[in-house]
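Take a look at the structure set out below.
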Number of protein chains: 2
Amino acid sequence: MGDRVAKDALFDGFARITKALSSGRRSEIVDLLAQGERSVEEIASEIGQSVANTSQHLQQMLKAGLVRTRRDGNRIYYSLAGGRVLDLWAAVRDVAAEHLAELDSLAAAYLGDRSALQTISRAELVDRMRRGDVVVLDVRPEPEFRAGHIAGAVSMPLDELRRKVRGVPKDREVVAYCRGPYCVYADDAVRTLQRRGYRAARLEDGFPEWSRNGHPVENDVDSPAS
Amino acid sequence: MGDRVAKDALFDGFARITKALSSGRRSEIVDLLAQGERSVEEIASEIGQSVANTSQHLQQMLKAGLVRTRRDGNRIYYSLAGGRVLDLWAAVRDVAAEHLAELDSLAAAYLGDRSALQTISRAELVDRMRRGDVVVLDVRPEPEFRAGHIAGAVSMPLDELRRKVRGVPKDREVVAYCRGPYCVYADDAVRTLQRRGYRAARLEDGFPEWSRNGHPVENDVDSPAS
DNA sequence: GTGCTTGTCAAGTGTTCGATTGAATAGAAG
DNA sequence: CTTCTATTCAATCGAACACTTGACAAGCAC
């Protein structure tokens, strides 16, 4: 049955990929980099770790081939190595949601109660945008919007939304989206809008999934894709 | 930015899935269980580990929700928890093949040189089976064939193939398939057939991928799916 | 050049992991 | 009830891991 040693080595190779994702902190990094490239310092502050520690996590992911780097001045930007990495991350989330017993309670603890939030599928949004009866809000931080967003969406980061709700037209339903299925921004936005009497819904998942499924995307500056 | 503790806990949850796959031995187990359920002893012997050690690996995967168990007499059968787990495993393999630098040499060390092997895509095989100009051989061990195989394929485990090559018609091209892209059985079969003057090719990937992509499947006994 | 910023590297510490061994359990068979 | 088989549990040991701290390197600003 083949060569045991070689077979073990091959599967240890596959395991290097999963090992690179097998820490909660590194998972957070992948989820973050799905929005676009980030410097080490930005990543460190997003995941709440020291720069040195973050750097070491990134080195591991780099060795496994999950991320790539780009130097600009004395800053180093990390980004995902390719679209397949996103597929992998989506598969991990799906399996966790479907099979990991305690994920529901973990998600509820972080996201709060979602039962009052309307959600709308990508297909449905495409349809309704074509009919022109929705306003689509990108509620991520503005730099992420600039790096790439749903074609036709308007940038409206959370803090800005609270100040400028009045500017949002009330005659159409509002759809908010953010980083992905486990991101709280769109939830917050929808709750805020509902409280002010808007009809508001949350897009399923977030921008990376929209883009990954071949839906139309715009960006202000050219940024690396794959 | 939400609750750091809850966010960390949530992503540690996702990491439990990848951790369950982050050992070469456990990866081998998933690859094996993709063919159907197995007892602990069978798994242990396939991955070349002690039963006690294998049992512990299985316990870990069970806690992460990747596998499920079924008791029959005093034997316990493990199987994958669902089709999404297969998708996840496929994504891991893809990312490894695409981004992990040393995977090529690891694969070459285990599989040998594949450059002389013709391969045929699933779509092409569907097409040619419809035209009736190919013989499809399932070269996995016979019990796996019985648990599920490509509709219209013939069971021909490797040792049997060597004894009964003459029985295989020479007027049509032969397509062999086995457990998956990193399984050596079909490679062996194709090499054997080529040596005897057959036109032979290997199906891309293997049975689990065929089934997972919605292609027609038959099985002799009813066995659990999804 | 000196200083400043951004990242990496190396060493140290407590924790977790993989494998081994041997004992313990659950169910089937006698 | 005893014996056998299949599996799990518990204790152990060395290796690997996550995070910290402090030193070092690379690029900019002056």
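Naming convention: chains lettered A, B, ... in sequence-line order (proteins, then strands); numbering from 1 in each chain. Scope of the values below: all heavy atoms of this structure, side chains included, with no hydrogens, waters or symmetry mates.
Distance A:D8 CG to C:dG18 P: 14 Å, rounded to the nearest Å. Regarding B:L21, its CG atom lies at a distance of 16 Å from the C1' atom of C:dC17, rounded to whole Å. Spacing between atom CZ of B:R16 and atom C1' of C:dT16 amounts to 14 Å, rounded to whole angstrom units. One can place CZ of A:R75 at 7 Å from C1' of C:dT6, the figure rounded to the nearest angstrom.
In this view, A:E42 satisfies the salt bridge (Lys or Arg N to Asp or Glu O under 4.0 Å) rule with no residue, not counting sequence neighbours. Residues forming a side chain to side chain donor-acceptor pair (under 3.5 Å) with A:Q49 (at least two apart in sequence, or on another chain): A:N53. Residues satisfying the salt bridge (Lys or Arg N to Asp or Glu O under 4.0 Å) test with A:E218, not counting sequence neighbours, are none. Judged as a side chain to side chain donor-acceptor pair (under 3.5 Å), and not counting sequence neighbours, the contacts of B:D113 are B:S115. In this structure B:R26 satisfies the salt bridge (Lys or Arg N to Asp or Glu O under 4.0 Å) test with no other residue, sequence neighbours excluded. Remark: A:H99 pairs with no residue by the side chain to side chain donor-acceptor pair (under 3.5 Å) rule, at least two apart or across chains. For A:R16, the salt bridge (Lys or Arg N to Asp or Glu O under 4.0 Å) partners are B:E102, not counting sequence neighbours.
A ring-ring contact (aromatic ring centres under 6.0 Å, His included) check over residues 30-55 of chain B, counting only residues at least two apart or in different chains, returns nothing.
Residues from residues 51-62 of chain A lying near DNA chain C, meaning a heavy-atom separation below 4.0 Å, are A:V51, A:A52, A:S55, A:Q56, A:Q59 in numerical order.
The side chain of A:Y78 lies closest to C:dT8, out of C:dT8, C:dA19, C:dG7.
For B:I76 and A:K19, each mapped to the nucleotide of DNA chain D holding its nearest heavy atom, the one lying further toward the 5' end belongs to B:I76.
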Name the atoms and distances for all side-chain donor-acceptor pairs under 3.5 Å in residues 156-165 of chain A, with sequence neighbours left out.
{"unit_1": "A:E160", "atom_1": "OE2", "unit_2": "A:K164", "atom_2": "NZ", "d": "2.9"}
{"unit_1": "A:R162", "atom_1": "NH2", "unit_2": "A:D188", "atom_2": "OD2", "d": "3.4"}

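Of the charged side-chain nitrogens involved, none lies within less than 4.0 Å of a carboxylate oxygen, so that A:E46 and B:R4 do not count as a salt-bridged pair.
For DNA chain D, the contact window with chain A, defined by any atom under 4.0 Å from a protein heavy atom, covers D:dC17 to D:dC28 in 5' to 3' order.
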Between protein and nucleotides 26-29 of chain C, what N or O pairs are separated by less than 3.5 Å?
none

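Note: A:W210 and A:H215 have tilted aromatic rings, judged against thresholds of 30 and 60 degrees for the angle between ring planes.
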